[in-house]
Amino acid sequence: MAKTLNFNNVKKRYLTVTLADEAKTTLMIGTPTKAIMDDLILLQSSLETIQEDETNAEATDDLYLACAKVMSRNKGGMKISKEFLENLFDFEDIMIFFSAYMDFIGEITDAKN
């Protein structure tokens, strides 16, 4: 008899992030969708642009927008805006988040293989 796969019962892993806002908001961030993964791949070239030219406002906007999309993919369904992150995170915070998130994705990828 064939085994049933019900995606409603699949155990998911999350990266738990506590923000430094007044409410100390805690998000349980899931793995990226294909659309978010595509954004992250494009973001790589934006990061290189930022490193070469620290005044590149468009690349910095892309970075904050990608971070908002990733953080909005949380278990609680809370929407995180680019503007919220611009007021909360400095550039170092964004880089720390993406480093931790990429490590999280790597752990999940390695665990499946």
Side-chain angles (χ1 to χ4, degrees):
M1 187 162 133
K3 188 175 181 179
T4 301
L5 174 60
N6 182 342
F7 280 100
N8 294 301
N9 298 329
V10 173
K11 298 267 187 202
K12 299 281 187 165
R13 293 177 49 191
Y14 297 92
L15 173 65
T16 302
V17 175
T18 302
L19 302 177
D21 60 348
E22 287 183 20
K24 293 187 170 73
T25 304
T26 299
L27 304 171
M28 294 177 64
I29 301 170
T31 55
T33 60
K34 176 163 182 331
I36 291 174
M37 200 60 170
D38 289 346
D39 286 347
L40 293 176
I41 291 167
L42 291 174
L43 185 63
Q44 184 64 35
S45 62
S46 290
L47 286 174
E48 291 168 7
T49 303
I50 291 170
Q51 290 171 352
E52 293 169 8
D53 178 13
E54 293 182 17
T55 61
N56 189 329
E58 184 178 337
T60 304
D61 281 346
D62 291 346
L63 186 63
Y64 278 83
L65 184 58
C67 188
K69 286 180 182 179
V70 168
M71 287 190 165
S72 291
R73 187 160 163 74
N74 63 75
K75 190 173 183 177
M78 182 178 184
K79 295 298 175 201
I80 304 295
S81 71
K82 176 177 89 64
E83 294 76 19
F84 173 77
L85 293 178
E86 288 172 343
N87 290 317
L88 185 65
F89 279 4
D90 62 23
F91 187 75
E92 183 179 12
D93 294 333
I94 289 281
M95 299 310 294
I96 290 168
F97 170 75
F98 276 116
S99 178
Y101 189 68
M102 296 312 285
D103 287 347
F104 166 68
I105 293 169
E107 288 173 15
I108 290 175
T109 302
D110 290 345
K112 299 292 180 188
N113 293 328

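Between the side chain of Ser99 and the main chain of Met95, no donor-acceptor pair closer than 3.5 Å is present. Distance alone, capped at 3.5 Å, is enough to place a donor-acceptor pair between the Asn74 side chain and the Met71 backbone.
With sequence neighbours left out, Asp38 forms a side-chain hydrogen bond (donor to acceptor under 3.5 Å, both in side chains) with Lys34. Qualifying side-chain contact (heavy atoms from CB on, under 4.5 Å) partners for Phe84, counting only residues two or more places apart in sequence or in other chains: Leu19, Asp21, Ile80, Ser81, Leu88.
Within the model, atoms CD1 of Ile36 and CZ of Arg73 stand 6.0 Å from one another, a figure rounded to the nearest 0.5 Å. Distance check: Cys67 SG to Asp93 CG gives 9.5 Å after rounding to the nearest 0.5 Å. Within the model, atoms CD1 of Ile94 and OG1 of Thr60 stand 10.0 Å from one another, a figure rounded to the nearest 0.5 Å. Taking CE of Met102 as the start and CG of Leu15 as the end, the distance is 12.0 Å to the nearest 0.5 Å. With rounding to the nearest 0.5 angstrom, the NZ atom of Lys75 is 13.5 Å from the OG1 atom of Thr26.
Between Met78 and Thr25, the shortest heavy-atom distance links the atoms SD-CG2, 3.7 Å. Of all heavy-atom pairs between Lys82 and Tyr64, the closest is CG-CB, 3.7 Å.
Residues Leu40 and Val70 are in side-chain contact: their nearest non-hydrogen atoms beyond the backbone lie under 4.5 Å apart. For the pair Val17/Tyr101, no side-chain contact is recorded, criterion being any heavy-atom separation below 4.5 Å from C-beta on.
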Take Val10 and Phe7 through the side chain to side chain contact (heavy atoms under 4.5 Å, CB included) test and state the conclusion after the steps. CA-CA 5 Å; Val10 173; Phe7 280 100; 4.0 Å; yes
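Cluster membership check: Met28 does not share its hydrophobic cluster with Ile96, using side-chain heavy-atom separations under 4.5 Å among Ile, Leu, Val, Met, Phe, Trp and Tyr. Cluster membership for Phe97 and Met37, using ILVMFWY side-chain heavy atoms within less than 4.5 angstrom, is shared. Linking ILVMFWY side-chain heavy atoms closer than 4.5 Å, directly or via other members, places Phe104 and Ile29 in a single hydrophobic cluster.
Within 6.0 Å of CD in Glu83 there are more than 12 heavy atoms belonging to other residues, nucleotides or ligands.
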